[in-house]
Amino acid sequence: MKIVTWNINSVRARQERLLNWLDRNTPDVLCLQELKAPDEDFPPAAEEELDYYVETFGQKTYNGVAILARSPITDVVRGMGDGVDDPQSRLIAGTVGGIRVVCVYVPNGGEPDSDKWAYKLAWYARLRAWLERSCDPTQPLVLCGDFNVTPDDRDVARPEEWKDTVLCRSEARAALQGVVDWGLVDTFRLRNDQPGVYSWWDYRMLGFAKDNGLRIDMVYATRPLAERLTDVFVDRDERKGQRPSDHVPVGAIFS
DNA sequence: ATGGTTGCTTAGCAA
């Protein structure tokens, strides 16, 4: 069971890349973030030619998440349904092959101490509450997505340069940890305790050419599922070539 | 402090 997360940064701009990547890699589940398009703009070829089931929670211009799977997706939920007035499409969940799959695009947070920063921290608190209310840490579940936080300095190529940013500062890491403490394991760190593996490089300032990367895209699993982990991967090559996303696919394989 | 790039939408925002 191969489960992958990928912030595609516009499903329209990346349509050819998405379809080619799916065709070559055939994940059982693919969680996408930053569709930047309404549901009707999702490429029908994923369903019609590549035989994926597709559930989207799109939004015009910004955000937007989706789950693709090779087997049916049931019990689909869009948004946290917590009564907060929030028009941003950032969470979709569904069940595939007995595994609850939660796909999130966590707010970036803009600049420290901005309104967007407050929204990010509040969103993390809402996610923790939603997990407590809607999910079960003793059952197989993955929480996949762009978390817009590095868990620790091993996940940052240049920690001094990034330490005060919304992706690295301690309040952000504490907010992420609050979600992890619900009952999740970072699958990548089960298999690799070394620094130097990243999932995002800024388009600006030659971020990828200088390997000025951060690991902010993760596949978290509950403990009963993490026990079935057989491998993890980060598809760094997907950052190369013509018009890449600024993020690459990150995956985990379970027996 | 600012810059640099990309995408959506068409001058400015978000990342």
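Chain letters run A, B, ... following the sequence lines, proteins first, then strands; residues in each count from 1. All values below come from the heavy atoms of this structure, side chains included, with hydrogens, waters and symmetry mates left out.
- Of the C1' atoms belonging to B:dT9 and B:dG3, the separation is 23 Å, rounded to the nearest Å.
- Mapping A:Arg12 and A:Trp200 onto DNA chain B by nearest heavy atom places A:Arg12 closer to the 5' end of the strand.
- Of the candidate nucleotides B:dA14, B:dG4, B:dC8, B:dC8 has the atom lying nearest to any side-chain atom of A:Thr61.
- Relative to the side chain of A:Arg204, the nucleotides B:dA14, B:dA15, B:dT6 differ in distance, and B:dA15 lies closest.
- Taking atom CZ on A:Arg243 and atom P on B:dT6, their separation rounds to 9 Å, with Å as the unit.
- Set against B:dT9, B:dG7, B:dA15, the side chain of A:Lys36 has B:dG7 as its closest nucleotide.
- Separating the CD atom of A:Glu34 from the P atom of B:dC13 is a distance of 18 Å, rounded to the nearest angstrom.
- Salt bridge A:Arg243/A:Glu16: absent, no basic N to carboxylate O contact under 4.0 Å.
- Taking atom P on both nucleotides, B:dA1 is separated from B:dT5 by 22 Å, rounded to a whole Å.
- Remark: C1' of B:dA15 and OH of A:Tyr119 are 14 Å apart, rounded to the nearest angstrom.
- Stacking of A:Arg169 on the aromatic ring of A:Trp117 is recorded, both the 6.0 Å distance cut-off and the 45° axial limit being met.
- With A:Thr95 contributing its side chain and A:Asp75 its backbone, the two residues share no donor-acceptor pair below 3.5 Å.
- Looking at heavy-atom distances under 4.0 Å, A:Phe208 makes no contact with the nucleic acid at all.
- Look at CG on A:Leu167: it is 13 Å from C1' on B:dA14, rounded to the nearest Å.
- Residue A:Arg14 has a polar side-chain atom (N or O) positioned under 4.0 Å from OP1 or OP2 of B:dG7.
- At whole-Å resolution of the value, CD in A:Gln88 and C1' in B:dA14 are 10 Å apart.
- Between A:Tyr203 and A:Asn108, it is A:Tyr203 whose nearest contact on DNA chain B lies nearer the 5' terminus.
- Taking only side-chain atoms of A:Met205, from C-beta outward, the nucleotide of B:dT9, B:dG3, B:dT5 with the closest atom is B:dG3.
- Here the C1' atom of nucleotide B:dT2 and the CD atom of A:Glu111 are 11 Å apart, to the nearest Å.
- Distance CH2/A:Trp200 to OG/A:Ser245: 11.0 Å, rounded to 0.5 Å.
- Separation of the P atoms belonging to B:dC8 and B:dT2 is 28 Å when rounded to the nearest angstrom.
- A distance of about 16 Å separates the C1' atoms of B:dT6 and B:dA11, rounded to the whole Å.
- Per the geometry, CG belonging to A:Asp202 stands 7 Å off C1' belonging to B:dT5, to the nearest Å.
- As a whole-Å value, the separation of A:Ile8 CD1 from B:dG7 C1' is 13 Å.
- One finds no side-chain N or O of A:Lys60 lying less than 4.0 angstrom from the OP1 or OP2 phosphate oxygen of B:dC8.
- Using modelled atom types and a 3.5 Å distance limit, the side chains of A:Gln59 and A:Asp39 yield no donor-acceptor pair.
- Using a 4.0 Å cut-off between charged nitrogen and carboxylate oxygen, A:Arg126 and A:Asp82 count as a salt-bridge pair.
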